[in-house]
Structure formats: C-alpha cells, structure tokens
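Single-structure report; data block below.
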Amino acid sequence: AQSVTQLDSQVPVFEEAPVELRCNYSSSVSVYLFWYVQYPNQGLQLLLKYLSGSTLVESINGFEAEFNKSQTSFHLRKPSVHISDTAEYFCAVSDTGFQKLVFGTGTRLLVSP
Amino acid sequence: DTAVSQTPKYLVTQMGNDKSIKCEQNLGHDTMYWYKQDSKKFLKIMFSYNNKELIINETVPNRFSPKSPDKAHLNLHINSLELGDSAVYFCASSRGDSPLHFGNGTRLTVT
C-alpha cells in the first residue's frame, strides 16, 4: 500500500523568502508524484507532477519539486514566495497514473508581509 | 464557466436524514470521482466512475451510493447520515491519463 507523509502541518514564512514543503512517500512499485494546491473555499488544482524523465519538475508560477528515489521524497520549493501563495498544499502518490491518488494530510503555507 | 460544479456548497442536516450531493462537469471527461476530506484535511478517494461504470469503490459504508446518469454527472446519495459523515466532499473528473479537475467542494455538517 502507498502512503504519503507531509511532516509540516503549517509553514509560516515572510514574503519574498524561500520555502520548502516536505513530502515523503512509501510504495513498493514505481510511482507517479503530484503536488496539488487548494486555495480557500476552492477545490484542489494540480501544481506539478512527476511521471518519468527529469527528476526536477517546475510549475508555471515558480514552484519546483525534485523526485529523489533514494530518499523517497518529493519536496516542493520556491525561491521567493508571494502573499498569493498562501494556501494548502497536498502531496499525492499513485502507481496507476492519475486514477487513484493517495494524498498526504497537507501543509498550510502562510505567507505574511 | 465552472468546469466541475457541485451543489449544494453547504449542507447542514440532522442525523438519520438522507441527502444528495450533485456533481456535473462540462469538460467532456469520461471519468468522475468522489473524494472525502475530513476535519484534519485528510483527502481520500471514495468512488470513481468511467463512462457510467463503477471502477473504484473504496471501503465506504453502503449508506453511500453514487449514481452516474451520464458521463457528465456523478451524484452522491447518503442514507441515514451520521455525525462522522461531516466532511467536505469533492467531486473531480478526468479524461484518460490526464490530471484531475476538482470541484469547489460541498461542506456537509451533520448535527
């Protein structure tokens, strides 16, 4: 069975500071990895994904995540955050593509001026 | 236009009642899902339908019954509601091996 651990339930950070949201997973097979973002009172939106190929994946709004197989991690990073990045971030894993995602418990990113 | 829409947005009801949540997608996707997000923000898949056929059915009490009248709709009916059913329910859709598109959720509160 797969599982995802997001160790930090909340990460407070000042605007323009760098941030890293941690995600570790466990799986006995090859996996696909995802980060989703949930803004207040909205559904989840796909931020970025790792399916194969380059282990470093990037989103259009400056986030990046690196798949590290040896450490079974898929940490999310951004070199300089904005107030608008305040949201809940969910890491997810699947061994069947997008069909059946197993989510972590989420990390709330709080960006303050 | 909203891609995946759920109604109602909020639902407050008493224990023992029966209620339904509706979901519609206008993306032309062939697969639809119901996810449950509990008070600790833990998000777990409940059901998945592909072309109106049930393909994923996690360990969910049989009080929960999904119904897909067509590819664009997946409704969730819940009988004999219990306090533990209080959660946010998300509908989602996808096509083939594409990312899921989520609705904005229905916050169900059982009193």
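Computed over heavy atoms, backbone and side chain alike; hydrogens, waters and symmetry mates excluded. Just so we're on the same page: letters track the sequence lines, and every chain starts at 1.
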Check: Is it true that A/V81 and A/I83 fall in one hydrophobic cluster, defined by side-chain heavy atoms closer than 4.5 Å?
Finding: yes

Check: What's the shortest heavy-atom distance between A/Q38 and B/F90, and which atoms?
Finding: NE2-CZ, 3.1 Å

Item checked: Hydrophobic cluster membership, B/I21 vs B/V110, 4.5 Å side-chain cutoff -> yes

Margin query: Please evaluate residues A/L44 and B/Y35 with respect to the criterion side-chain contact (heavy atoms from CB on, under 4.5 Å), reporting the C-alpha separation (whole Å), side-chain torsions for both, the decisive distance (0.1 Å), and the verdict.
Written below: CA-CA 11 Å; A/L44 281 74; B/Y35 277 81; over 6 Å; no

Next item on the list: Report the distance from atom CG of B/L100 to atom OH of A/Y36, rounding to the nearest 0.5 Å.
Entry: 5.0 Å

Item checked: chain B contact via A/Q45 - which portion, at a heavy-atom distance below 4.5 Å -> neither

Next item on the list: May I ask you to check whether over 12 heavy atoms, not counting those of A/Q10, lie within 6.0 Å of atom CD?
Entry: yes

Next item on the list: Using a cut-off of under 4.5 Å on heavy-atom pairs, state which of B/Q37, B/K40, B/K9 scores highest against chain A.
Entry: B/Q37

Next item on the list: Could you grab the distance from atom OG of B/S94 to atom CG of A/L101, nearest 0.5 Å is fine?
Entry: 9.0 Å

Notebook entry, point to check: Crowded around A/I60 CD1? As in, over 12 foreign heavy atoms under 6.0 Å?
Noted result: no

Notebook entry, point to check: Which atoms of B/I56 come close to chain A, meaning under 4.5 Å heavy atom to heavy atom: side chain ones, backbone ones, both, or neither?
Noted result: side chain

Margin query: Please enumerate all residues that pass side chain to side chain donor-acceptor pair (under 3.5 Å) together with B/N17, with sequence neighbours excluded.
Written below: B/T13

Next item on the list: Might you point out which heavy atoms bring B/K41 and A/T105 nearest each other, and give the distance in Å?
Entry: CB-O, 3.7 Å

Notebook entry, point to check: What part of A/Y39 is in contact with chain B, defined as an atom under 4.5 angstrom from a non-hydrogen atom: side chain, backbone, both or neither?
Noted result: neither

Notebook entry, point to check: Under a 4.5 Å side-chain heavy-atom rule over Ile, Leu, Val, Met, Phe, Trp and Tyr, are B/V88 and A/F90 clustered together?
Noted result: yes

Note to self: Please check if the number of heavy atoms outside A/R77 that lie under 6.0 Å from its CZ is greater than 12.
What the structure shows: yes

Margin query: Using every non-hydrogen atom in the two residues, find where A/G43 and B/N104 come nearest and quote the distance to one decimal.
Written below: N-OD1, 3.2 Å

